[in-house]
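FYI, side chains are in, hydrogens and waters are out, and symmetry mates aren't considered; it's all heavy atoms of this structure. Within every chain, numbering begins at 1; the chains are lettered A, B, ... in the order of the sequence lines, protein sequences first and strands thereafter.
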Number of protein chains: 2
Amino acid sequence: MTDVPTNGGQPRQPRQPRQPRHAVRADAQRSVDALLTAAAEVFAASGVDAPVRQITARAGVGAGTLYRHFPQRSDLIAAVFRHEVDACADAAPALAARYDPADALARWLRRFAGFIATKRGLSAALHSGDPAYGSLPSYFQDRFIPVLGGLLDAAAAAGQIRGDADPMDLLRAVANLALPVGDENDEHAQRMVALLMDGLRYGAGAE
Amino acid sequence: MTDVPTNGGQPRQPRQPRQPRHAVRADAQRSVDALLTAAAEVFAASGVDAPVRQITARAGVGAGTLYRHFPQRSDLIAAVFRHEVDACADAAPALAARYDPADALARWLRRFAGFIATKRGLSAALHSGDPAYGSLPSYFQDRFIPVLGGLLDAAAAAGQIRGDADPMDLLRAVANLALPVGDENDEHAQRMVALLMDGLRYGAGAE
DNA sequence: TTGCTAAACGGAACATCGTTCCGTATCGTC
DNA sequence: GACGATACGGAACGATGTTCCGTTTAGCAA
């Protein structure tokens, strides 16, 4: 066993989990989708500390299935987070196509506030030091800053809002406004976001 | 049951837990002391989320005893917090008597940084909305601001440090520096606190 | 179509945790 | 010294995260 002449350069252990034999089994894909959907709903309703069984029950799968696809709880949380970030970011083009720039911006900010409102308990999780969360903040920024930047630029170019708004500033502001604290309903958040939007409109043309 | 004529003005439920019949039994006092000491050590080592059994084992006490004195977990955490705030604040007079003002200030700030360093996970607990924590922030301020203010005034009066340092600002700054994040040891915090102290000295007499 | 095997599934079982319960031991008083 | 209120210990309970393993199924091949 001094040498391993077989499979030169092709290590036996699967370095790429892709192409294990056939791409991905249909039932596995269904399970993952069901889990992501169920987890998103449960997290929104009860926070990210919700019991695992509640998620598996809603998804109609066993606990073993969950842990097969998401070995750690944090993996599921991170996956749901990314999934929702994508959904929110991907909503922008449709809005931009259907509404005029300022309206599209306002609608997307509302959408974004709704996204944030489902993130109760996540900020604590983010600071837990779990490496599974390490890439989430940058993912958040990488996806949202270009999207919001585009909407802002379009509205500014149309002369509908002021031109000096910084996307990151606005993301942080809306996130702080919409993060649920205590028992206040999200009506308050929506009003504050609308106020922010009016602030942007008010400065149109100025400077 | 339309009226309750009995015990006018003296509600039956014990509003003051003091003076139940005789002051407090000696064994009960021992248990409380052992629990506070053990909890402080365990919290410092493992954070406030440490298992309850670990605390009772270290205190040499049964679980029932813990819950008799601290009906909720948050009660124990709050009690330990208050206990340590007191110990830290009470350390100031001795330091002020033994060392010259600026030295006493520096030593107390180190002491305070050590206090903060044991508070991993507490900030999350404070924001959990549990009413048992409601009074902790004001307790923190009420005890520390006069203590630090006294030390600052003495050092400023002696011309050893600048005179425009705000106690609350300094508390927040040191707390932020000393709060353990990730795996860094507290050496870093002590260096930063020393730096802050040098900053105070540097401004002596200025302005 | 039928057979086969790796992959995936479900849910019982295990370990751990916070909390409760209650029989027993102890303290302080009369 | 005896008695009653108080406190103690730790087993027991319910909930939860996680693992294990016998069973099922998807997808390929003959």
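- If you take CG of B:D27 and P of D:dC8, they are 5 Å apart, rounded to a whole angstrom.
- Within residues 59-75 of chain B, the residues approaching DNA chain D are B:G60, B:V61, B:G62, B:A63, B:G64, B:T65, B:R68, B:H69, by heavy-atom distance under 4.0 Å.
- A donor-acceptor distance shorter than 3.5 angstrom exists from the side chain of B:W108 to the backbone of B:C88, with no hydrogens or angles considered.
- With rounding to whole Å, A:R30 atom CZ is found 10 Å from D:dT25 atom C1'.
- What you find for A:E84 and A:A40 is that their closest heavy atoms are OE2-CB, 3.4 Å.
- Less than 4.0 Å separates DNA chain D from at least one heavy atom of each of the following residues of residues 33-56 of chain A: A:A50, A:P51, A:V52, A:R53.
- Applying the salt bridge (charged side-chain N to carboxylate O under 4.0 Å, His left out) test to pairs two or more places apart or on separate chains, none has a residue in residues 66-81 of chain B.
- Counting only residues at least two apart or on different chains, the side-chain hydrogen bond (donor to acceptor under 3.5 Å, both in side chains) pairs with a member in residues 131-143 of chain B are B:R82-B:S135, B:D86-B:Y139, B:D86-B:R143, B:D90-B:R143.
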Pair up each side-chain donor or acceptor in residues 41-63 of chain A with any protein partner under 3.5 Å, not counting sequence neighbours, and list the distances.
unit_1 : atom_1 : unit_2 : atom_2 : d
A:E41  : OE1    : A:R58  : NH1    : 2.4
A:T56  : OG1    : A:R53  : O      : 3.0

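- For a distance-only test at 3.5 Å, the side chain of A:R25 qualifies as a donor-acceptor partner of the base of C:dA7.
- Of all the heavy atoms in B:L35 and B:L66, the pair that sits closest is CD1-CA, 3.7 Å.
- Side-chain contact between B:F70 and B:I77 is absent, with no heavy atoms from C-beta onward closer than 4.5 Å.
- A:D100 meets the side-chain hydrogen bond (donor to acceptor under 3.5 Å, both in side chains) test with A:Q160; sequence neighbours excluded.
- Residue B:S31 has a polar side-chain atom (N or O) positioned under 4.0 Å from OP1 or OP2 of D:dC8.
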